[in-house]
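It should be emphasised that the depicted structure is a prediction, and the values quoted were computed from it without experimental measurement. Remember, it's 1-based here, ligands and their atoms both numbered in the order they're listed. Hydrogens, waters and symmetry mates are skipped; everything else that's a heavy atom, side chains included, is used.
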Amino acid sequence: MESATPVIVAIDGPAGTGKSSTSKAVAAQLGLSYLDTGAQYRAITWWMVSNGIDIDDPSAIAAVAGKPEIVSGTDPEGPAITVDGVDVSAPIRTQEVSSKVSAVSAVPEVRARITELQRSIAASAEKGIVVEGRDIGTTVLPDADLKIFLTASPEARAARRSGELKGSDVHSTREALIKRDAADSSRKTSPLAKADDAVEVDTTELTLAQVIECVVTLVEEKRAGK
Ligand code: DC
């Protein structure tokens with residue numbers, strides 16, 4: 001029998017490891033909520049760009065970090081995200097936002113704001129939630145019931161991302177991913193990192209179905225108290 005206690009699952013890792021696909025599928029399969037924290041950082045970046053804020057000026061970003069109202073849906077079948085009531089699901093995936101999101105998400109005032117939002121969403125998920133990102137197991141939800149850290153070779157990650165962004169070439173995607181990971185891993189405030197108590201899953205040689213099965217099994221074992 002399933003436990004009535006909400007289960008909190010943190011899934012972290014760099015871009016292109018299958019984090020989003022895995023997290024959504026695991027949440028859907030287990031009847032849990034789902035939160036894409038990368039989408040929240042993309043949404044605040046989109047707002048900064050749309051409002052002409054200088055991305056190279058951390059103090060300009062910090063000064064307005066509290067302004068946009070970001071609302072994240074938690075349905076794994078169709079996670080919506082709005083900024084000041086505008087659906088930004090599509091514009092947050094542009095190359096422009098991807099190339100600027102690391103700079104915006106490195107600003108401590110941005111992280112404090114988004115982290116608070118993430119904690120309140122996780123706390124109100126009645127059945128439990130799968131939260132994916134970069135610092136979920138280390139900073140946002142250090143008491144999560146289960147922490148997973150997904151990895152994959154740079155080649156595999158670039159190939160998957162190029163497949164998603166139809167038509168983009170693998171070489172430039174690989175360079176962009178490496179640059180973004182380096183920025184995300186080296187920033188001062190809550191960098192991309194594996195928590196000491198996270199289970200690391202190298203997805204390089206695994207299919208998406210295998211990764212999902214692996215994570216579902218880990219959650220079920222947790223729930224069964226193993
Ligand atoms: O998961 P993604 O590629 O959509 O994330 C976009 C960016 O957001 C990523 O390059 C770094 C930032 N991010 C973060 O700093 N912390 C998180 N928990 C999630 C994402």
Minimum-distance protein heavy atom relative to atom 19 (C) of ligand 1: T37 OG1, 3.3 Å
Taking the side chain as everything from C-beta on, heavy atoms only, tell me whether E132 gets closer than 4.5 Å to T37. no
Are side-chain heavy atoms of W46 and V97 found at a separation under 4.5 Å? yes
Atom 13 (N) of ligand 1 sits nearest the protein heavy atom Y41 CD1, 3.6 Å
Between R134, E132, R93, which one has a non-hydrogen atom sitting closest to atom 5 (O) of ligand 1? R134
Report, as yes or no, whether the 6.0 Å neighbourhood of atom CG on D196 holds more than 12 heavy atoms from other residues, nucleotides or ligands. no
Starting from atom 20 (C) of ligand 1, locate the nearest protein heavy atom and write down its residue, its atom name and how far away it is, to 0.1 Å. G38 CA, 3.5 Å
So which bit of Q40 gets within less than 4.0 Å of ligand 1, heavy atoms only: side chain, backbone, both or neither? neither
Heavy-atom contacts with G133 under 4.0 Å: which atoms of ligand 1 show up? List them by number with element. 18 (N), 19 (C)
Does this structure show an ion pair linking K147 with D197, if we count only N-O contacts that are shorter than 4.0 Å? yes
Run the contact test for R187 against ligand 1 with a 4.0 Å cut-off on heavy atoms, strictly below, and give the result. yes
Identity and distance of the protein heavy atom lying nearest atom 18 (N) of ligand 1: D135 OD1, 2.8 Å
Mind running side-chain hydrogen bond (donor to acceptor under 3.5 Å, both in side chains) on T82 and D87 for me, showing each step along the way? CA-CA 4 Å; T82 63; D87 179 359; over 6 Å; no
Tell me: protein heavy atom nearest atom 12 (C) of ligand 1, and distance? S105 OG, 3.6 Å
Residues R111 and D135 bridged, charged N to O under 4.0 Å: yes
Taking R113 for its side chain and A65 for its backbone only, find out whether a donor-acceptor pair lies under 3.5 Å. yes
Protein residue, atom and distance nearest to atom 6 (C) of ligand 1, heavy-atom basis: R180 NH1, 3.4 Å
What is the closest protein heavy atom to atom 11 (C) of ligand 1, and at what distance does it sit? D184 OD2, 3.2 Å
Indicate yes or no: does E96 engage K100 in a salt bridge with an N to O separation below 4.0 Å. yes
Looking only at protein heavy atoms, which one is nearest to atom 16 (N) of ligand 1, and how far off is it? R111 NH2, 3.0 Å
With atoms numbered from 1 as shown, which atoms in ligand 1 lie under 4.0 angstrom from a non-hydrogen atom of R42? 2 (P), 3 (O), 4 (O), 6 (C)
Trace of the salt bridge (Lys or Arg N to Asp or Glu O under 4.0 Å) decision for D181 with R174: CA-CA 11 Å; D181 289 344; R174 183 177 184 275; over 6 Å; no
